[in-house]
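Numbering starts at 1 and runs along the sequence shown. No hydrogens, no waters, no symmetry mates; every other heavy atom, side chains included, goes into these values.
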Amino acid sequence: MNAKTVLPAVGMTAVSMVLTLAVVVMWLGTAMPWPVALVVGLGIDGGWLAALAYERRLAAQGDHSAPVTAVGWSFGLIATGVLVAHALTEESAGAWLAVAWLPIAAKALWLVHGLWERTALTGEALEAIQGIQQEARDEAAVARARLRAEASTEETRLTAVTQAGARVAHVQARTADTLSRAWSTLESAREGEDTGRALTSVTTRVTPGVTPRWELPVWGPTEPVSAFALESAGALTDDALDTLVDRIRHSETPALSYREMAARFRTAGHSASEVRLRAAWKRVAA
């Protein structure tokens, strides 16, 4: 895996060192003996290579030295400066400037290689990470599918409920219209001019000169009223209500609660408003 980054860095370093040495020998060889120029070129490349080797040794040990890194970049900048200065003195400056960046590029590649090494993982770790990511993707896909299915089911249910509600409303509207027309017909018959004569011929007079009135039917549910309720329909006085509440409250031991007493009070057929019944309870329980 390291070959992906180390090979480009090594290749760029070699090209940069050869180019720097050649430029120094060609450029300075005209002003000084070529052995001296060769020594200068080798000094630049050697310093850069020594700093790079020491920096790589520290990286292999898991360490880092800022001064060594600064020295390495300094030699890289010196090599780049030499190439740029040489390019500016040549007639074809563009071609030489196009390769003047090679030392800096080599240092950048070594920097990338160092970052690769510090963040590299083993195959087992990569497989574990891929497994975790795949599991997360599977769970997300299942959750999305479940949400889509639930949304589709809810949409179908709402559609069915809406349609059923519309049908019920339509039936109720038709029933109400039919009842309204029937009621109107009964009202017209009740208020008609010949209704009295027709009823006189089929009903028995209760009082001479009085014809029983034909009442319209009552629509809606009715509840039967017990005879006891009819007999006790009269309003109870406060004293009678207090006595009755106290008797029902102490009909069992321990004494009944207000809700139990009120339920038995209503079941027995007695009638009193909630305000009066609660007031009587407070007076008795005080």
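For Glu154, the side-chain contact (heavy atoms from CB on, under 4.5 Å) partners two or more places apart in sequence, or in a different chain, are Arg157, Leu158. For Arg146, there are no side-chain hydrogen bond (donor to acceptor under 3.5 Å, both in side chains) partners two or more places apart in sequence or in a different chain. Taking the side-chain hydrogen bond (donor to acceptor under 3.5 Å, both in side chains) definition, one finds that Arg276 meets it with Asp238, sequence neighbours left out. With sequence neighbours left out, the side-chain hydrogen bond (donor to acceptor under 3.5 Å, both in side chains) criterion links Glu139 to no other residue. Scored by the side-chain hydrogen bond (donor to acceptor under 3.5 Å, both in side chains) test, Asp138 finds Gln134 as partners (sequence neighbours excluded).
For CZ of Arg137, the number of neighbouring non-hydrogen atoms (other residues, nucleotides, ligands) closer than 6.0 Å is greater than 12.
Side-chain atoms of Ser152 do not come within 3.5 Å of backbone N or O of Arg148 as any donor-acceptor pair.
For the pair Leu277/Met261, a side-chain contact is recorded, criterion being any heavy-atom separation below 4.5 Å from C-beta on. Leu241 is listed as a side-chain neighbour of Phe265, based on a closest heavy-atom distance under 4.5 Å.
Taking both residues in full, the closest heavy atoms of Arg266 and Ser273 are given as NH2-C, 4.1 Å, listed atom of the first, atom of the second, then distance. Between Leu256 and Glu260 the shortest heavy-atom distance is CD2-OE1, 3.4 Å.
Summarising the geometry, atom NE2 belonging to His170 is positioned 9.5 Å from atom OG1 belonging to Thr175; distances are rounded to the nearest 0.5 Å.
Pairs passing the salt bridge (Lys or Arg N to Asp or Glu O under 4.0 Å) check and including a residue from residues 248-258, sequence neighbours excluded, read Glu252-Arg264.
Between Trp281 and Tyr258, the angle of the ring planes goes over 60°, which puts this pair in the perpendicular group of the 30/60° scheme.
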